[in-house]
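All values below were derived from every heavy atom in this structure, side-chain atoms included, with hydrogens, water molecules and symmetry-related copies excluded.
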Amino acid sequence: MACTREVAFGVNLIGNDGAAPADEASLAGWAPLGLRTTLSAHDVEKDPLADMLPAVDDGGREHRPSGSRYVLAARRGGVEDGLRHPVPAGALVPRVTYRVTGWVAVHVQSGGGEHAGGESHVVRVSLHVDDGGDGGECRVLDCGAVYAGVAGGWVEIKGAFRLKETPRGATAVHVHGAPAGVGVKVMDLRVFAADRKARFRQLKEKTDKVRKRDVVLKFSGGAGAGVEATASIPGAAVRVVQMDNVFPLGTCINGSVIQDPNFVDFFTNNFDWAVFENELKWYWTEAQRGQLNYRDADALLDFCDRHGKPARGHCIFWAVDGSVQQWIKDLSRDDLASAVRGRLAGLLSRYAGRFPHYDVNNEMLHGRFYRDRLGDDAAALMFREAARLDPGAQLFVNDYNVECANDPNATPEKYIELIDALRRGGAAVRGVGIQGHVSNPSGEVICDALDKLAASTGLPVWITELDVSEPDVSLRADDLEVVLREAYAHPAVAGVVLWGFMQGRMWRQDASLVDADGTVNEAGQRLVNLRREWTSDARGTIDGDGHFTFRGYHGTYVVQVSTATEKMLKTFTVDKGDTSLVLDMEI
């Protein structure tokens with residue numbers, strides 16, 4: 001049932017709005033977590049790290065904390081110790097997404113002073129919800145996590161959460177995470193309801209600038225046209241229909257789902273690209289040493305060819321130990337190096353020119369299997385060899401949680417560091433993959449990650465494995481729209497691929513767009529509606545100057561002109577550009 005309670009969007013629920021407290025001892029509602037933890041309030045202008053506060057964000061916008069004071073939690077005894085701020089009873093409304101934003105830093109007191117150590121430590125924000133039971137049950141929701149360096153200054157922390165039902169007990173925001181002996185500083189922390197409808201309106205305006213262009217079709221009778229044909233052009237009826245969009249949507253497929261007519265029908269009608277769920281991975285193509293199996297990948301590639309769908313190559317290697325087959329783990333260093341070269345040569349020679357993209361070494365932010373055994377240059381070598389063997393393929397890094405702000409090992413900054421290191425090693429990184437396995441996504445958090453990746457790498461970004469897990473299909477539809485609109489409105493994003501869409505045939509539960517019997521659910525209909533919204537269809541008449549003007553999404557079009565004497569069909573392409581596209585059309 002939809003919530004009918006009124007929601008005050010943008011209002012900070014913990015009252016810590018950045019105003020300076022009346023006296024220096026005031027903690028603005030913060031209380032200590034931990035038996036030994038002590039809290040104190042301080043003037044930010046006197047903080048040694050104040051000069052490190054950024055003046056602008058990655059988009060060039062003014063971006064500083066509005067507060068003039070911060071609270072320090074010192075003498076912490078462990079990672080759960082820190083500080084807490086209550087959320088007023090009844091303030092949190094079920095089914096509403098709440099954003100959390102603020103600034104944090106760490107503080108170490110030692111013989112070397114506050115900047116001693118130089119280490120980075122994880123700082124977390126979480127919401128603790130007392131369910132009111134006799135057993136003292138408490139739910140903990142992650143609301144953001146970052147690495148803060150002892151000498152690195154203040155870091156912005158952000159995240160989001162959503163409740164399924166009204167809390168029966170007390171709720172509070174906790175800030176914690178760094179090890180014992182490390183102080184945690186908090187400034188300008190806010191919890192507020194996100195107005196998704198307002199965000200969507202902003203994104204529609206942004207999309208119009210990023211994905212559309214003014215087009216002028218100039219019609220003439222041509223060299224061989226008679227007087228009557230030329231005279232009939234003004235006032236002639238025009239219909240312009242977009243045939244495809246240059247921004248692709250795709251989905252993963254496997255050998256089972258392509259046998260299901262309901263799957264194939266939705267796939268062929270709503271998706272432009274594909275990716276193989278498992279069939280190209282090394283543990284599938286060579287489960288046992290020397291026993292190669294490309295039959296399944298060949299069958300899927302044939303299926304894609306029949307339906308005119310390009311396929312991403314996922315993946316050549318997988319960096320996470322748990323996804324490496326045992327026979328590879330048993331190899332010596334020299335044999336492993338030889339096997340890696342054999343995998344590259346075998347796969348990329350066989351499929352040269354067939355896969356436009358390759359995820360080269362999947363999830364390097366979360367695994368180091370090959371780098372630990374072959375050295376830090378192993379990953380760059382994979383890219384160098386892949387580029388040599390299939391120079392036309394676009395080579396990607398690919399990882400998860402980068403867009404979520406809740407995984408300190410997968411921040412945009414750490415992803416950028418990885419890409420920079422690969423490039424220094426000669427890796428031809430040509431694309432950035434963020435997987436998009438999300439729950440309750442925050443559009444602003446996603447946009448922030450995209451901004452940082454685009455500004456620092458200059459590379460196109462693809463969302464490569466999107467699925468939205470939410471049992472309530474109506475909320476799932478809203479969540480899906482959040483991700484798709486953020487992606488489509490961002491100029492750095494070049495495509496989105498879903499990690500499946502059919503109930504019972506997906507890696508994650510409660511993420512389907514199509515029920516098992518082929519019925520398109522509310523989330524699936526939202527996808528269909530967005531595709532329709534992002535497809536141009538213009539009608540009208542040619543003006544007295546022989547022109548027809550419209551504004552359309554980038555892609556391929558067909559125009560039909562009906563004059564008194566004949567009908568004409570022509571195709572044309574609207575590509576990116578800041579000025580009007582003027583095309584001559586002869587009738």
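- In this structure, CG in L336 is found 11.0 Å from CG in D330, a value given to the nearest 0.5 Å.
- Side-chain contact, W534 with N245: no donor N or O sits under 3.5 Å from an acceptor N or O.
- To the nearest 0.5 Å, atom CG of residue D298 and atom CG of residue D302 are 6.5 Å apart.
- Counting only N and O atoms by type, the side chains of E481 and N529 include no donor and acceptor under 3.5 Å apart.
- Once rounded to the nearest 0.5 Å, the distance linking OG1 of T464 with CG of D359 reads 6.0 Å.
- Of all the heavy atoms in Q509 and S469, the pair that sits closest is O-OG, 2.9 Å.
- The residues D321 and K329 are annotated as not salt-bridged, no charged nitrogen and carboxylate oxygen being separated by less than 4.0 angstrom.
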Taking it one step at a time, do W284 and D296 satisfy side-chain hydrogen bond (donor to acceptor under 3.5 Å, both in side chains)?
CA-CA 9 Å; W284 189 284; D296 300 324; 2.8 Å; yes
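- Of the options D515, D260, L513, a side chain to side chain contact (heavy atoms under 4.5 Å, CB included) to M502 is made by D260 and by none of the others.
- The distance from atom CG of L300 to atom SG of C252, rounded to the nearest 0.5 Å, is 10.5 Å.
- Side chains of R343 and T285: a donor on one and an acceptor on the other come within 3.5 Å.
- The aromatic ring centroids of F267 and F501 lie 6.0 Å or more from each other.
- Between T519 atom OG1 and Q525 atom CD the span is 11.5 Å, to the nearest 0.5 Å.
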Applying ring pair (Phe, Tyr, Trp, His ring centres under 6.0 Å) to Y400 and H437, what does each step give before you reach the verdict?
CA-CA 7 Å; Y400 63 92; H437 299 296; 7.5 Å; no
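- Between G524 and F266 the shortest heavy-atom distance is O-CZ, 4.3 Å.
- Counting all heavy atoms, side chain and backbone alike, A428 lies closest to L395 at O-CB, 3.7 Å.
- A salt bridge is defined here as a Lys NZ or Arg NE, NH1 or NH2 lying under 4.0 Å from an Asp or Glu carboxylate O, and K414 with D407 fails to meet this definition.
- Under the 4.0 Å criterion applied to side-chain N and carboxylate O atoms, R526 and D479 are not assigned as salt-bridge partners.
- Ring-plane geometry between Y98 and F161 is classed as parallel, the angle between the planes falling under 30 degrees on a 0 to 90 degree scale with a further cut at 60.
- Using a cutoff of 4.0 Å between basic side-chain nitrogens and carboxylate oxygens, R162 and E470 are scored as salt-bridged.
- Side chain of E403 to backbone of G443: no donor-acceptor contact under 3.5 angstrom is found.
- Salt bridge annotation for D478-R196: absent, with no cationic side-chain nitrogen under 4.0 angstrom from a carboxylate oxygen.
- The pair R505-E277 does not meet the salt-bridge criterion, since no charged nitrogen lies less than 4.0 angstrom from a carboxylate oxygen.
- In this structure, N401 contributes its side chain and C404 its backbone to no donor-acceptor pair below 3.5 Å.
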Test W327 against Q288 for side-chain hydrogen bond (donor to acceptor under 3.5 Å, both in side chains), laying out the working first.
CA-CA 7 Å; W327 71 262; Q288 302 297 323; over 6 Å; no
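- Checked by atom type and distance alone, the side chain of T268 pairs as donor or acceptor with a backbone atom of D265 at under 3.5 Å.
- Taking every heavy atom of both residues into account, A378 and Y370 meet most closely at CB-O, 3.8 Å.
- Nearest approach of H128 to C138, heavy atoms of both residues: CB-SG, 3.8 Å.
- Listed for the N521 side chain is a donor-acceptor partner under 3.5 Å among the backbone atoms of S512.
- Distance check: R201 CZ to D195 CG gives 6.0 Å after rounding to the nearest 0.5 Å.
- Among the candidates L301, D390, I316, the single residue satisfying the side chain to side chain contact (heavy atoms under 4.5 Å, CB included) test with F355 is L301.
- In summary, the side chains of E286 and Q325 do not present any donor paired with an acceptor at a separation below 3.5 Å, with no hydrogens or angles considered.
- A salt bridge is defined here as a Lys NZ or Arg NE, NH1 or NH2 lying under 4.0 Å from an Asp or Glu carboxylate O, and D376 with R424 fails to meet this definition.
- Test H314, H357, H307 against W273 for ring pair (Phe, Tyr, Trp, His ring centres under 6.0 Å) and you get one pass: H357.
- The minimum heavy-atom distance linking V473 with E522 is given by the pair CG2-N, 4.1 Å.
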